[in-house]
Amino acid sequence: MSDLITIVLPVYGRSELLCEALESVYLQDDPDWRLLIADDGSDEQTAELIEQQRSDPRVKVVTRPQNLGLFGNLNAAIDEVETPWQLILCSDDCLEPQAIVQLKQAIASAPEVRLILSSYRSIDANGDFRTDVNGVFYDRFAPSARLFDAGSLLQPLLQYGSINGNITGLVIRQSLFRDAGPWRADWSQSADWEWLIRACTQTSVLLRRAPIARVRVHEGQLSVSNRKLQRENLETLEVLSGLLQHPQLQSCGRRRQWAAHHAQFLLWNAIKALPRVGIQATVHQLALIQRHVGLVPTALALLSTLPRRFRIRGTDQPLLPPF
């Protein structure tokens, strides 16, 4: 069974958080696992911590000669994993003690599945629990564990976004990369969403509701910098455009409404960033929204959510899409 699952741990600095991630692996109730630490050019302190892990025969360390970025690093890891399955764990997150036990049981119970999504618990920078946004989304379409046939996850991926919300906890059979293709290495924000769309048409998907990890939300994470620098906009809009045109979703009458709901977050961020980035950059963002989703439906979606937006302001309650 030790040859079943490799925990893939992409690392780029954050040695103080990496210690917690590593500890959560070593404290697994089931010790039969492998760990691949993929160092994407970390600082000296983090590199020293990684080197110390080589003493465990279950651990393999790979150091990139140059920084590949998160998804480029994960693509390289595809060929370095020597087990049938990989479990992704980001370096600022932690696995629950029962993670490996539960995943082996899930794999045995659904041999036709090549992709497993699991719930997780959300924590803040200090490790304190936050509102479980991931669980709130799952409650709407999978209040208990659910098996999705190939392609049937497409609608939730449009209505609710990337649904997993994080790559930590994704459990992927290695053969799925052959059929779905690798991650988009040129993307830094929506590559998981885009890959899930391709993957879910190639295999049935098991969505588990037992939390497998604790996922940290903090100012230093990549998604925060992507949002501040507006790098997420084009990637998100391309995903939405692709879903709107997907042949398996053409009979879905609310697909444009759902796409506009996601795009209104980008419009809101563009409006807030106007004093900082200037009119030219803002007009560019508006043009992208118009091209991929439509500015008018996006603006209407934003206006319709303003009462809810201000009502939950200052909380971590999610702004849910309409049914």
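Only heavy atoms go into these numbers, but all of them, side chains included; no hydrogens, no water, no symmetry mates.
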Any side-chain heavy atom of [X] within less than 4.5 Å of one from [Y]?
{"X": "Trp193", "Y": "Leu243", "value": "yes"}
{"X": "Val171", "Y": "Arg208", "value": "no"}
{"X": "Trp187", "Y": "Leu234", "value": "no"}
{"X": "Val239", "Y": "Leu157", "value": "no"}
{"X": "Gln105", "Y": "Gln98", "value": "no"}

How many angstroms lie between [atom1] in [X] and [atom2] in [Y], if you round to the nearest 0.5 Å?
{"X": "Ile7", "Y": "Ile37", "atom1": "CD1", "atom2": "CD1", "result": "10.0 Å"}
{"X": "Leu158", "Y": "His246", "atom1": "CG", "atom2": "NE2", "result": "10.5 Å"}
{"X": "Ser42", "Y": "Asn67", "atom1": "OG", "atom2": "CG", "result": "9.0 Å"}
{"X": "Glu194", "Y": "Phe71", "atom1": "CD", "atom2": "CZ", "result": "10.0 Å"}
{"X": "Lys104", "Y": "Ile5", "atom1": "NZ", "atom2": "CD1", "result": "6.0 Å"}
{"X": "Phe141", "Y": "Leu153", "atom1": "CZ", "atom2": "CG", "result": "6.5 Å"}

Step through the shown structure and confirm whether more than 12 heavy atoms of other residues, nucleotides or ligands are within 6.0 Å of [atom1] on [X].
{"X": "Gln280", "atom1": "CD", "result": "no"}
{"X": "Phe148", "atom1": "CZ", "result": "yes"}
{"X": "Glu44", "atom1": "CD", "result": "no"}
{"X": "Gln45", "atom1": "CD", "result": "no"}

In terms of side-chain heavy atoms, does [X] have a donor or acceptor partner in [Y] at a distance below 3.5 Å?
{"X": "Arg34", "Y": "Thr6", "result": "no"}
{"X": "Ser119", "Y": "Arg209", "result": "yes"}
{"X": "Gln245", "Y": "Ser241", "result": "yes"}
{"X": "Ser152", "Y": "Asp149", "result": "no"}

Could you state whether Leu74 and Ile78 fall into the same hydrophobic cluster, counting links through intermediate Ile, Leu, Val, Met, Phe, Trp or Tyr residues with side-chain heavy atoms under 4.5 angstrom apart?
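Linked within one cluster.
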Hydrophobic clusters here meaning ILVMFWY residues chained together by side-chain heavy-atom distances under 4.5 Å, can you tell me if Tyr26 and Leu103 are in one?
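Same cluster: Tyr26 reaches Leu103 through Ile, Leu, Val, Met, Phe, Trp or Tyr contacts under 4.5 Å.
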State whether Arg214 and Glu23 are salt-bridged, where the test is any N-O pair (Lys NZ or Arg NE/NH1/NH2 against Asp/Glu carboxylate O) under 4.0 Å.
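A salt bridge is absent here (no side-chain N lies under 4.0 Å from a carboxylate O).
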With Thr298, which of Leu266, Val293, Leu237 fulfils side chain to side chain contact (heavy atoms under 4.5 Å, CB included)?
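Option passing the side chain to side chain contact (heavy atoms under 4.5 Å, CB included) with Thr298: Val293.
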Short question: side chain of [X], backbone of [Y] - any donor-acceptor pair under 3.5 Å?
{"X": "Arg121", "Y": "Glu96", "result": "no"}
{"X": "Arg58", "Y": "Leu35", "result": "no"}
{"X": "Ser24", "Y": "Leu95", "result": "yes"}

Under 6.0 Å between ring centres, would you say that holds for Trp195 and Phe177?
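For Trp195 and Phe177, the ring centres are under 6.0 Å apart.
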Can you name the nearest heavy-atom pair linking Val113 to Thr203, along with the distance?
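Taking every non-hydrogen atom into account, C-OG1, 4.1 Å.
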Would Arg216 and Glu20 count as a salt bridge (charged side-chain N to carboxylate O under 4.0 Å, His left out) here? Give the steps.
CA-CA 11 Å; Arg216 194 182 308 270; Glu20 294 185 41; 3.0 Å; yes
